[in-house]
Amino acid sequence: MTAFLTWNKDWLLGIDALDSQHKVLADRLNRLVVECRHTGAAPTEKNGHSRDLLARLFQELYITTKEHFSFEEALMCAEDYPGLAAHAREHVMLIAELKSTFVNGVKEGRCKLDPEFLQALKSWLIAHVTHSDREFAEFLKEKNRSVPATSQSEH
Ligand SMILES: [Fe+2]
């Protein structure tokens with residue numbers, strides 16, 4: 001089966017810590033989508049296990065995304081990145097959307113994840129990494145700053 005989000009070299013920023021975290025985010029999203037394809041619209045005894053798994057996978061994606069954004073923002077702060085406030089606003093909006101999706105549906109098993117939501121999430125991630133994160137990466141390169149590797153991506 002084709003992956004929902006295929007890793008693309010256009011995503012690479014040349015900063016190992018960020019690149020490896022972005023790969024983990026793509027993996028988490030792909031796993032969630034695979035599970036969504038197996039889960040019915042209404043909770044039943046039969047698909048209850050699948051719904052629990054879906055909720056867990058969604059929560060993992062949420063936590064990994066939050067940790068990644070915190071890592072990026074801390075780095076931006078440490079580097080006096082002038083685009084920090086605008087960048088952090090993008091992060092806050094996505095986190096709010098993920099949280100409301102989880103609370104309003106996934107957590108209680110009331111609804112399955114809307115394919116349009118998943119598509120929008122994928123588009124958001126690609127646009128964010130290839131534009132906003134790339135701007136920050138260019139800023140770091142201009143400053144000739146290297147970023148230490150992190151274990152954050154190993155969750
Ligand atoms: Fe970012």
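Excluded from the calculations below are hydrogen atoms, water molecules and symmetry mates; all remaining heavy atoms, backbone and side chain alike, are included. Note that ligands are numbered from 1 as they come in the structure, with each ligand's atoms numbered from 1 the same way. None of these values were measured; they are calculated from a predicted model. FYI, the numbering just counts along the sequence from 1.
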- Query: Crowded around Lys99 NZ? As in, over 12 foreign heavy atoms under 6.0 Å?
  - Reply: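 Count not over threshold, so no.
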- Task: With rounding to the nearest 0.5 Å, note down the distance linking CE in Met76 to CZ in Phe139.
- Result: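 Those atoms lie 9.5 Å apart.
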- Nearest heavy-atom neighbours spanning Ile95 and Tyr62: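 Looking at all heavy atoms of both residues, the shortest contact is O-CE1, 3.8 Å.
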- Item | Check: Leu12 main-chain N/O paired with Arg134 side-chain donor or acceptor under 3.5 Å |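 Present.
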- Task: Indicate whether any N or O donor in one side chain lies under 3.5 Å from an N or O acceptor in the other, for His91 and His68.
- Result: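 There is no such pair between these side chains.
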- Mind checking whether Trp11 and Asp19 have side chains closer than 4.5 Å, heavy atoms only?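 Not touching, per the 4.5 Å side-chain cut-off.
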- Task: Could you please tell me which protein N, O or S atoms lie under 2.8 Å from the Fe ion (ligand 1)?
- Result: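 The answer, once waters are left aside, is Glu72 OE1, His87 NE2, His91 NE2, His128 NE2, Asp133 OD1.
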